[in-house]
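Worksheet: the structure to be examined is printed underneath.
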Amino acid sequence: MTQTSENVTWLTQEAYNQLKAELEYLSGPARTEIAKKIEAAREEGDLRENGGYHAAKEEQGKQELRVRQLTQLLDSAKVGEAPADDGIVEPGMVVTIAFDGDEDDTLTFLMASREYASSDIETYSPQSPLGVGVNGKKVGDDAEYELPNGNRAMVRILAAKPYTA
């Protein structure tokens with residue numbers, strides 16, 4: 001899991017290894033593959049109307065952006081342990097909240113960096129308004145956070161358990 005504090009990102013060893021492997025792939029084999037696609041498209045002739053060439057160049061740009069993001073993230077990473085199972089909301093926890101104390105209107109999410117976003121569980125950044133509002137609270141506590149429209153919302157922490165993949 002991650003916890004960002006200014007320019008430091010806290011990662012579990014597993015998360016660090018996963019991101020490092022992605023960076024190594026994008027920096028090596030994936031770069032070679034995209035270069036071959038660009039060269040093959042270039043050999044087809046007129047580049048102005050060559051859709052394959054432009055698509056490959058766009059893919060290359062996205063790939064290089066991801067390489068820079070991963071490099072920056074890993075350069076500032078500190079590897080540590082997953083959070084304790086102590087009922088305190090912090091990055092790396094799966095949190096269940098009730099809106100306005102209504103136990104029927106709940107949301108369960110992983111509080112972590114967007115690097116962990118997946119289709120399995122909704123992810124909220126610790127820097128998001130909700131993340132800031134609930135961070136450090138205990139199960140049973142009420143928390144307040146600011147909505148995008150400037151209004152304030154109240155939630156009650158129902159559960160906080162360490163995330164397990």
Side-chain angles (χ1 to χ4, degrees), residues 1-27 30 34 54-55 57-165:
M1 298 310 87
T2 69
Q3 172 181 356
T4 305
S5 172
E6 296 308 313
N7 294 328
V8 176
T9 301
W10 296 94
L11 298 170
T12 60
Q13 187 64 55
E14 178 185 0
Y16 180 87
N17 293 346
Q18 181 182 351
L19 295 172
K20 184 83 169 152
E22 181 184 354
L23 177 61
E24 288 171 2
Y25 170 74
L26 290 175
S27 298
I34 197 69
H54 294 290
K57 288 297 282 183
E58 185 175 329
E59 183 181 342
Q60 181 186 42
K62 289 178 182 176
Q63 189 174 298
E64 291 303 317
L65 175 61
R66 181 67 177 155
V67 166
R68 287 192 302 275
Q69 289 171 333
L70 287 171
T71 300
Q72 183 179 8
L73 178 73
L74 293 172
D75 284 350
S76 66
K78 298 286 185 214
V79 178
E81 295 300 312
D85 189 359
D86 55 9
I88 297 174
V89 177
E90 61 183 306
M93 301 292 273
V94 175
V95 182
T96 302
I97 58 171
F99 293 95
D100 294 319
D102 180 356
E103 308 255 339
D104 293 328
D105 186 10
T106 64
L107 171 68
T108 298
F109 62 93
L110 170 62
M111 190 154 96
S113 163
R114 291 285 172 212
E115 296 298 323
Y116 289 94
S118 75
S119 59
D120 297 342
I121 186 167
E122 197 160 350
T123 304
Y124 281 82
S125 165
Q127 290 79 32
S128 70
L130 178 59
V132 169
V134 299
N135 197 17
K137 301 287 186 187
K138 292 185 254 177
V139 172
D141 285 354
D142 290 328
E144 187 178 47
Y145 69 101
E146 189 172 330
L147 297 169
N149 64 8
N151 291 338
R152 312 266 324 147
M154 290 293 295
V155 295
R156 174 162 292 139
I157 312 301
L158 300 179
K161 295 280 183 194
Y163 176 73
T164 52

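Owing to the predicted nature of the structure, the values given are computational and were not obtained by experimental measurement.
Taking every heavy atom of both residues into account, L158 and A98 meet most closely at CD1-CB, 3.8 Å. Nearest heavy-atom pair across A160 and V139 is N-CG2, 3.7 Å. Shown here for G133 and A143, the closest heavy-atom pair between the two residues is O-CB, 3.3 Å. When all heavy atoms of N149 and N151 are compared, the pair lying nearest together is OD1-N, 2.8 Å.
For F109, the ring-ring contact (aromatic ring centres under 6.0 Å, His included) partners at least two apart in sequence or on another chain are Y124. Judged as a side chain to side chain contact (heavy atoms under 4.5 Å, CB included), and not counting sequence neighbours, the contacts of A153 are Y145, L147. Judged as a side chain to side chain contact (heavy atoms under 4.5 Å, CB included), and not counting sequence neighbours, the contacts of I88 are D86, K138. Residues satisfying the side chain to side chain contact (heavy atoms under 4.5 Å, CB included) test with N17, not counting sequence neighbours, are Q13. Take K161 and apply the side chain to side chain contact (heavy atoms under 4.5 Å, CB included) test, not counting sequence neighbours, and it matches D85. Judged as a salt bridge (charged side-chain N to carboxylate O under 4.0 Å, His left out), and not counting sequence neighbours, R68 has no contacts.
Within a 6.0 Å radius of CD in Q72, no more than 12 heavy atoms belonging to other residues, nucleotides or ligands are found.
No side-chain heavy atom of D141 sits under 4.5 Å from any side-chain heavy atom of V89. E90 is listed as a side-chain neighbour of N135, based on a closest heavy-atom distance under 4.5 Å. The closest side-chain heavy-atom distance from L23 to V67 is below 4.5 Å. Q69 is listed as a side-chain neighbour of R66, based on a closest heavy-atom distance under 4.5 Å. Side chains of V155 and L107 form no contact here, defined as non-hydrogen atoms less than 4.5 Å apart. For the pair L74/L19, a side-chain contact is recorded, criterion being any heavy-atom separation below 4.5 Å from C-beta on.
Taking CG from L70 and OH from Y25, the interatomic distance works out to 13.5 Å, rounded to the nearest 0.5 Å. The distance from atom CD of E146 to atom OG of S128, rounded to the nearest 0.5 Å, is 12.5 Å. The CE atom of M111 lies 11.5 Å from the OG1 atom of T123; values are rounded to the nearest 0.5 Å. Considering CD1 of I34 and CD of E59, their distance stands at 3.5 Å, rounded to 0.5 Å. Taken from NZ in K137 to CD in E144, the straight-line distance is 9.0 Å, to the nearest 0.5 Å.
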Stepwise side-chain contact (heavy atoms from CB on, under 4.5 Å) test for I157 and V134 | CA-CA 8 Å; I157 312 301; V134 299; 3.7 Å; yes

